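Below: the structure, in structure tokens.
A note on names: the letters A, B, ... follow the listed sequences, proteins ahead of strands, and every chain is numbered from 1. Given the structure is predicted, the values throughout are model-derived calculations rather than measurements.
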There are 2 protein chains.
Amino acid sequence: MDETPREPGAPTALAVGLTAAIVAATGEEPRVLVVRTPHGADALPSGPLEAQHRTLEAGLRSWVERRTHQTLGYVEQLYTFGDRDRRETDGEGAQRALSLGYLALVREARTAGAADASWQSWYRYFPWEDWRGGPPEAIAALEPPLREWAAQGGKLGEERLRLNFGLGGARWNEERVLERYELLYEAGLVPERVRDRKEGAPLPEKVRGVAMAVDHRRVLAIAIGRLRGKIKYRPVVFELMPPSFTLSELQRVVEALSGVRLHKQNFRRLVEQQGLVEETGESRAETGGRPARLMRYRREVLVERLAPGVRLPAMRRG
Amino acid sequence: MDETPREPGAPTALAVGLTAAIVAATGEEPRVLVVRTPHGADALPSGPLEAQHRTLEAGLRSWVERRTHQTLGYVEQLYTFGDRDRRETDGEGAQRALSLGYLALVREARTAGAADASWQSWYRYFPWEDWRGGPPEAIAALEPPLREWAAQGGKLGEERLRLNFGLGGARWNEERVLERYELLYEAGLVPERVRDRKEGAPLPEKVRGVAMAVDHRRVLAIAIGRLRGKIKYRPVVFELMPPSFTLSELQRVVEALSGVRLHKQNFRRLVEQQGLVEETGESRAETGGRPARLMRYRREVLVERLAPGVRLPAMRRG
DNA sequence: TCCCATATGCTCATTTTGAGCAATTCAGGG
DNA sequence: CCCTGAATTGCTCAAAATGAGCATATGGGA
């Protein structure tokens with residue numbers, strides 16, 4: 001690994017694979033590309049790392065493009081998983097598997113290349129993450145079993161619950177997607193946990209979300225959390241937008257990703273003040289109301305601002 | 001890697017190693033644990049991934065603790081590198097090596113366990129990153145060759161330069177450590193590039209920084225950038241502080257990490273208003289001036305605040 | 001023509017920053 | 001015992017950013 005291995009013995013040889021959360025935004029929904037395993041489970045596209053590419057990212061791109069006929073825009077490495085107990089089917093002596101998780105953003109959500117691939121709203125897997133229409137029903141349904149679980153863990157568990165699910169007056173933090181999922185996992189409320197440990201989870205799918213193969217829901221949780229954080233200080237939303245769009249369309253995509261409703265006038269003030277967009281000169285009617293100006297992304301903002309991104313002027317009351 | 005490999009063929013078997021940037025803060029300096037290779041080069045501690053641990057992080061901890069006799073506090077995965085041309089010595093058919101980079105924070109900088117390990121200020125490797133005493137000399141020395149290089153690349157190169165090095169009036173962004181290092185690498189101004197491509201780099205060590213083995217300086221750059229960003233919204237600085245400390249000591253550590261001077265009164269206002277610390281009741285003289293109150297970290301801040309961390313009220317003028 | 005549904009403009013109170021002046025409080029020296 | 005130096009603390013004030021909400025503009029259709 002090093003020019004000078006400090007410990008005797010060569011590096012361990014491992015099986016390494018890639019898993020990609022490929023995200024688009026169409027029709028007010030944040031979508032992720034999922035495939036279906038022969039067992040009928042939803043899964044993220046994943047496959048082996050190929051040796052012939054110069055960089056990991058290049059390998060990911062070529063593999064995804066070949067497999068899904070999607071051209072990837074923005075690509076970001078998320079996390080490398082290496083838990084030994086990741087592969088359920090293997091015994092103690094199994095070779096350790098390593099999995100590199102990636103987030104990729106694509107502009108157009110074509111109906112996929114492979115026949116078994118489809119675009120799904122990511123809230124299908126995380127129903128408790130969508131607060132656009134007020135506190136989601138899933139939260140109400142999850143609260144009692146969560147509280148029960150937390151009570152056993154004592155003070156610490158209750159604080160985690162409060163912090164992550166915004167229960168005891170604490171504010172909802174839309175970025176803590178992974179923390180919430182892991183808490184639900186620990187509490188035995190998601191089917192993956194049942195699959196892994198054979199405990200009971202009598203919750204309906206609308207509450208606990210649709211399960212995914214292996215740890216793919218965890219990868220997706222990381223992807224969502226990262227993206228929700230990143231749009232605030234990097235202009236990555238525009239990777240999901242068409243070349244020209246109205247401010248309302250932009251707002252709806254940001255709301256879809258972050259899962260919260262935003263204050264319209266303040267949203268446009270922020271976006272325009274930061275210089276993230278400029279008018280194209282054209283406008284579009286279609287909505288039934290006053291026609292909206294069409295805008296386009298201003299690349300120059302990158303050199304002008306330290307942290308150009310879409311702040312979230314959330315609706316607090318009303 | 002998946003229950004159902006979508007492409008024929010098993011996952012590639014790879015050699016996987018760990019590289020750790022182990023950071024402490026002592027005596028006004030941010031320090032990193034470095035070892036020396038037989039070739040005499042500085043390197044981060046690195047070694048093979050061991051199969052017997054349940055998680056990657058557990059493997060890292062046990063390996064570092066065995067090797068350096070340091071107990072790790074906070075640990076965070078940084079990035080996984082897999083560039084095929086990473087191992088200089090190998091030819092085309094070489095097995096690809098994967099390297100997992102980690103950041104770890106330790107409270108006390110003991111003089112290391114292994115005889116060949118030592119704590120070094122990280123500015124030894126990145127002299128242009130330390131703006132505590134005003135614009136560093138390294139920047140002045142790097143500017144001409146950088147501009148020359150950028151001029152060849154046209155508009156785009158010049159904008160990158162402006163953005164990353166805060167040259168044409170743009171503000172210095174202390175988080176872009178990796179971007180700056182990579183820009184210098186591309187411009188052929190750091191010795192690693194020379195080693196890799198045999199080009200000339202006539203700059204003194206005080207300007208271009210001390211080189212490190214393989215891509216370790218890149219790993220360290222990522223570690224510094226991540227830490228600089230993270231202290232702003234997560235209370236990670238306290239992982240580097242003793243149990244009780246004065247506000248000035250805290251400020252000096254934050255300044256050491258971020259590489260900028262902060263406005264004293266505003267710094268304390270922020271830290272106290274956020275509820276990051278509380279008084280222990282004791283105070284400490286020693287400094288020659290008015291004795292300072294001793295403070296301790298308040299864990300409760302985690303549940304009270306969405307993003308508890310040390311904002312940087314930088315000195316602009318004065 | 002009137003109405004509906006948006007888009008857009010603007011105001012105002014509140015908070016959060018950025019800067020800097022001033023008072024406090026110890027140790028030490030005359 | 002008083003004065004001075006060196007920090008630590010306390011406070012003030014203007015400027016900028018944020019949170020909320022009212023008011024106006026402008027198209028398509030009833």
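Closest approach to the A/Ala292 side chain among C/dG9, C/dA7, C/dC21 is made by C/dA7 (side chain taken as heavy atoms from C-beta onward). Taking only side-chain atoms of B/Gln265, from C-beta outward, the nucleotide of C/dG18, C/dC21, D/dA23 with the closest atom is C/dC21.
Across the protein-nucleic acid pair, A/Leu250 atom CG and C/dA7 atom P stand 12 Å apart, rounded to whole Å. Nucleotide C/dT6 holds its C1' atom 13 Å from the CG atom of A/Leu247, rounded to whole Å. Counting to the nearest Å, the P atom of C/dA7 and the CE atom of A/Met295 are 13 Å from each other. Regarding A/Lys264, its NZ atom lies at a distance of 15 Å from the C1' atom of D/dA23, rounded to whole Å. The CE atom of A/Met315 sits 14 Å away from the C1' atom of D/dT18 (whole-angstrom rounding). Following rounding to the nearest Å, B/Gln251 (CD) and D/dT9 (P) show an atom-to-atom distance of 12 Å. Separating the CD atom of A/Glu272 from the C1' atom of C/dA7 is a distance of 11 Å, rounded to the nearest angstrom. Following rounding to the nearest Å, A/Leu312 (CG) and D/dA17 (P) show an atom-to-atom distance of 18 Å.
Put simply, the side chain of B/Trp119 does not reach to within 4.5 Å of the side chain of B/Val34, judged on heavy atoms. For the pair A/Phe245/A/Arg252, no side-chain contact is recorded, criterion being any heavy-atom separation below 4.5 Å from C-beta on. Looking only at side-chain heavy atoms (C-beta outward), A/Lys264 and A/Ser248 come within less than 4.5 Å of each other. You'll find the side chain of A/Met241 reaches within 4.5 Å of the side chain of A/Leu250, heavy atoms only.
Using a 30° and 60° split on the angle between ring planes, B/Tyr181 and B/Phe126 fall in the perpendicular class, above 60°.
Backbone-only contact: B/Ser248 has heavy atoms under 4.0 Å from sugar-phosphate atoms and none from a base.
Between the side chains of A/Ser244 and A/Arg296, no donor-acceptor pair is found at a separation under 3.5 Å.
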One pair to check against side-chain contact (heavy atoms from CB on, under 4.5 Å): B/Val253 and B/Val237. What are the steps and the verdict?
CA-CA 8 Å; B/Val253 169; B/Val237 224; 4.0 Å; yes
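For A/Arg268, no side-chain nitrogen or oxygen approaches OP1 or OP2 of C/dA7 to under 4.0 Å.
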Would you list the protein and nucleotides 13-17 of chain C atom pairs, both N or O, that sit under 3.5 Å from each other?
none

Set out, line by line, the N/O atom pairs under 3.5 Å between protein and nucleotides 24-30 of chain C.
residue : atom : partner  : partner atom : Å
C/dT24  : O4'  : B/Arg290 : NH1          : 3.3
C/dT24  : O2   : B/Arg290 : NH1          : 3.0
C/dT25  : O4'  : B/Arg290 : NE           : 3.4

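A search for salt bridge (Lys or Arg N to Asp or Glu O under 4.0 Å) contacts involving B/Arg293 returns B/Glu272, B/Glu279, not counting sequence neighbours.
Geometrically, A/Arg180 engages A/Trp172 in a cation-pi contact defined by less than 6.0 Å to the ring centre and at most 45° from the axis.
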